[in-house]
Number of protein chains: 2
Amino acid sequence: MKKVDILKKLRSSGLRPTKQRVEIAKFLFERDKTFHFTVESLENHLTKKSTCKFALATIYNTVHAFKKAGHLSEVDVRGKKTYFDTNITNHHHFYDSETSELIDIDESEVVIQKIPKAPNGKKIKNVEVFINLKN
Amino acid sequence: MKKVDILKKLRSSGLRPTKQRVEIAKFLFERDKTFHFTVESLENHLTKKSTCKFALATIYNTVHAFKKAGHLSEVDVRGKKTYFDTNITNHHHFYDSETSELIDIDESEVVIQKIPKAPNGKKIKNVEVFINLKN
DNA sequence: TTCTAGTTTATAATAATTCTAAAGTAAAAA
DNA sequence: TTTTTACTTTAGAATTATTATAAACTAGAA
Ligand SMILES: [Mn+2]
Ligand SMILES: [Mn+2]
Ligand SMILES: [Zn+2]
Ligand SMILES: [Zn+2]
C-alpha cells in the first residue's frame with residue numbers, strides 16, 4: 001500500500017485527509033498483515049511514534065469513521081475495552097483471556113457441519129466461532 | 001427447586017444466606033428454564049417485585065459471587081453492559097444485535113467438522129459459536 | 001484569497017462498574 | 001442466651017471507557 005491508497009481510502013469514505021487521519025490510516029492500513037487493537041493501544045502508538053498531537057476524541061472519531069466506512073470491524077471480547085480489527089472479512093478468532101490476545105482464523109479453517117435454523121422470522125447474518133485458549 | 005436448594009447452593013458457595021442473596025438466588029435459580037440478564041434488568045425486577053431493598057453494589061457483589069462459585073456464566077456481546085447467563089453448561093447463542101436478544105443453542109445442535117489446532121504451547125479451552133441474526 | 005463545511009481539541013458529561021468505610025447481621029464462641 | 005467475630009449491605013465516591021460539546025482550526029470549494 002502507498003500513501004495514494006490511503007488518501008483514496010479516506011476520500012472514498014467521505015473523510016478529508018487531515019494530518020491525524022492520514023497518520024492513523026497509515027498505521028492501521030500500510031502493512032501486510034491485519035491486526036487487532038484498542039483505542040488505548042492505538043493512542044499509545046500514536047503519541048510515541050508521531051510528531052503531531054491527537055486528542056483522544058479524534059482517535060475515537062476516526063476509528064468510528066473507518067468502521068462506518070467499512071475499513072474496520074469490531075470484535076466482541078469479554079472486558080470493558082472495545083477491540084477493533086483491520087481484518088474486515090468474515091473470520092473467526094482464537095482468544096486467550098489471560099493475555100487478552102486475539103488471533104485470526106481464516107473462514108476456510110473452520111467447517112461447520114450442523115447448525116440450527118434461525119428462530120421465528122429471523123435470518124442468519126453470519127456465524128462467528130470463538131476458540132478460547134488456555135495454557 | 002425448593003428453598004432448601006437455594007440455601008444449600010449459597011452455603012456450598014461459602015455465602016451466608018442473607019435476605020438479599022436468597023431473594024436474588026430465588027429469582028435466578030427457582031425456575032425451569034435458564035435465562036440471560038444484566039445487572040440492570042435484575043435490579044429492575046428486584047426493586048419491582050421484592051419487599052426488601054437492594055443497593056446496586058449488593059447486586060453486583062452477589063452476581064459476581066455466584067459467578068465465582070460457578071452458578072452463573074458471562075456472555076460476551078457487543079455493547080457496554082455485561083450479560084450473565086444462568087445456563088452454565090457449554091452452549092452456543094443466537095444473537096440479535098438489534099434487540100440485544102440472546103437465545104441459547106444446545107451444544108448438541110452445532111457440529112463442527114474442522115477446526116484449526118491451537119497455536120504454540122496453548123490448548124483449546126472451549127469453542128463458542130455465535131450466530132448473529134437479522135430480520 | 002475568501003468562505004464554508006468539516007475537523008480537531010480540551011474539557012465536561014455519561015454510563016457501567018468498582019471501591020470505600022461505616023453501619024448492620026449471621027453464625028460461632030462463650 | 002449473650003457476646004463476639006467475621007462477613008455483608010449500603011450510600012456514596014471513585015474509576016474507566018466512551019461520547020458529547022462548543023470553540024478554535026483547516027481543507028478544499030468558490
Ligand atoms: Mn462504538
Ligand atoms: Mn465482572
Ligand atoms: Zn480478527
Ligand atoms: Zn446462554
Side-chain angles (χ1 to χ4, degrees), chain A residues 3-4 6-27 36-47 50-69 71-72 74-84 100, chain B residues 3-4 6-27 36-47 50-69 71-72 74-84 100:
Chain A
K3 198 186 174 183
V4 182
I6 293 289
L7 294 183
K8 224 180 267 175
K9 182 168 272 191
L10 288 171
R11 288 246 164 67
S12 71
S13 311
L15 299 173
R16 286 186 184 171
T18 63
K19 222 174 352 162
Q20 285 81 357
R21 284 176 180 159
V22 170
E23 288 273 287
I24 293 175
K26 282 165 76 175
F27 175 61
H36 307 97
F37 66 95
T38 64
V39 166
E40 192 191 21
S41 71
L42 178 55
E43 188 196 25
N44 285 340
H45 170 88
L46 293 171
T47 51
S50 176
T51 50
C52 75
K53 277 204 166 178
F54 294 84
L56 192 53
T58 299
I59 303 177
Y60 274 102
N61 287 343
T62 302
V63 163
H64 282 137
F66 285 156
K67 189 190 162 197
K68 195 174 176 186
H71 300 311
L72 290 176
E74 213 176 306
V75 188
D76 295 321
V77 286
R78 182 130 49 229
K80 313 124 242 298
K81 286 177 203 155
T82 301
Y83 278 77
F84 293 93
S100 293
Chain B
K3 197 183 175 183
V4 183
I6 293 288
L7 294 183
K8 225 180 266 176
K9 181 168 273 193
L10 287 169
R11 287 246 163 67
S12 70
S13 312
L15 299 172
R16 286 184 185 172
T18 63
K19 222 176 350 166
Q20 285 81 357
R21 284 176 180 159
V22 170
E23 288 274 287
I24 293 175
K26 281 164 77 174
F27 175 60
H36 306 97
F37 66 95
T38 64
V39 166
E40 192 191 21
S41 72
L42 178 55
E43 189 196 25
N44 285 340
H45 170 88
L46 293 170
T47 52
S50 176
T51 50
C52 74
K53 277 203 169 181
F54 293 86
L56 192 52
T58 298
I59 302 177
Y60 275 101
N61 288 343
T62 303
V63 164
H64 283 137
F66 285 156
K67 190 190 160 195
K68 195 175 177 187
H71 300 311
L72 289 176
E74 211 177 307
V75 188
D76 295 320
V77 285
R78 181 131 49 230
K80 311 124 246 295
K81 286 177 204 155
T82 301
Y83 279 76
F84 293 93
S100 293

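Residue numbering restarts at 1 for every chain, and letters A, B, ... go by the order of the sequence lines.
- In terms of phosphate contacts, A:R11 brings a side-chain nitrogen or oxygen within less than 4.0 Å of OP1 or OP2 of D:dG28.
- In this model, the phosphate group of C:dT17 is approached by a side-chain N or O of B:T82 to a distance below 4.0 Å at OP1 or OP2.
- Evaluation of the salt bridge (charged side-chain N to carboxylate O under 4.0 Å, His left out) rule for A:K19 yields no partner, not counting sequence neighbours.
- Contact annotation: the side chain of B:H36 approaches that of B:V75 to within less than 4.5 Å [non-hydrogen atoms, C-beta and beyond].
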Going through the checks in order, is the side-chain contact (heavy atoms from CB on, under 4.5 Å) test met by B:N44 and B:F37? CA-CA 11 Å; B:N44 285 340; B:F37 66 95; over 6 Å; no
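- Between A:R16 and the phosphate of C:dA5, there is no side-chain N or O to OP1/OP2 separation shorter than 4.0 Å.
- Across the protein-nucleic acid pair, A:F84 atom CZ and D:dA17 atom P stand 14 Å apart, rounded to whole Å.
- An OP1 or OP2 oxygen of D:dA17 is reached within less than 4.0 angstrom by a side-chain nitrogen or oxygen of A:K81.
- Spacing between atom CD of A:E40 and atom P of D:dT15 amounts to 16 Å, rounded to whole angstrom units.
- Protein atom CG of B:L46 is 14 Å distant from nucleotide atom C1' of D:dT9, rounded to whole Å.
- A pairwise comparison of heavy atoms in B:V63 and B:L72 identifies O-CD1, 3.8 Å as the closest pair.
- A straight line from CD of B:E43 to P of C:dT17 spans 11 Å, rounded to a whole angstrom.
- To the nearest angstrom, C1' of D:dG28 lies 13 Å from CZ of A:R21.
- A sub-4.0 Å separation between OP1 or OP2 of C:dT17 and a side-chain N or O of B:Y60 is present.
- In this model, the phosphate group of C:dT18 is approached by a side-chain N or O of B:H64 to a distance below 4.0 Å at OP1 or OP2.
- Proximity of B:L56 to B:V39: side-chain heavy atoms (C-beta onward) are separated by under 4.5 Å at one or more points.
- At distances below 3.5 Å, at least one donor-acceptor pair connects side-chain atoms of A:R21 with backbone N or O atoms of A:R16.
- Across its full length, the helix from C:dT1-D:dA30 to C:dA30-D:dT1 shows an angle of 10° between the axes of its 5 terminal pairs at either end, rounded to 10 degrees.
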Between the protein and nucleotides 10-14 of chain D, list the N/O to N/O atom pairs that are separated by less than 3.5 angstrom.
| unit_1 | atom_1 | unit_2 | atom_2 | d |
| --- | --- | --- | --- | --- |
| D:dT10 | OP1 | B:Q20 | NE2 | 2.9 |
| D:dT10 | OP1 | B:K53 | O | 2.8 |
| D:dT10 | OP2 | B:A55 | N | 2.9 |
| D:dT10 | OP2 | B:T58 | OG1 | 2.9 |

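- Rounded to an integer number of Å, the gap from NZ of A:K19 to P of D:dC25 is 12 Å.
- How far OH of B:Y60 is from CD of B:E43: 8.5 Å, rounded to the nearest 0.5 Å.
- Taken from NE2 in B:H45 to OG in B:S50, the straight-line distance is 7.5 Å, to the nearest 0.5 Å.
- Taking atom CZ on A:F66 and atom P on C:dT7, their separation rounds to 11 Å, with Å as the unit.
- When side chains are defined from C-beta on, A:I24 counts as touching A:F66, because their heavy atoms get closer than 4.5 Å.
- Using modelled atom types, no side-chain atom of A:T58 and backbone atom of A:F54 make a donor-acceptor pair closer than 3.5 Å.
- Between the CD atom of B:E23 and the C1' atom of D:dT9 there is a distance of 15 Å, rounded to whole Å.
- Contact annotation: A:T18 side-chain N/O to D:dT26 OP1/OP2 distance is not under 4.0 Å.
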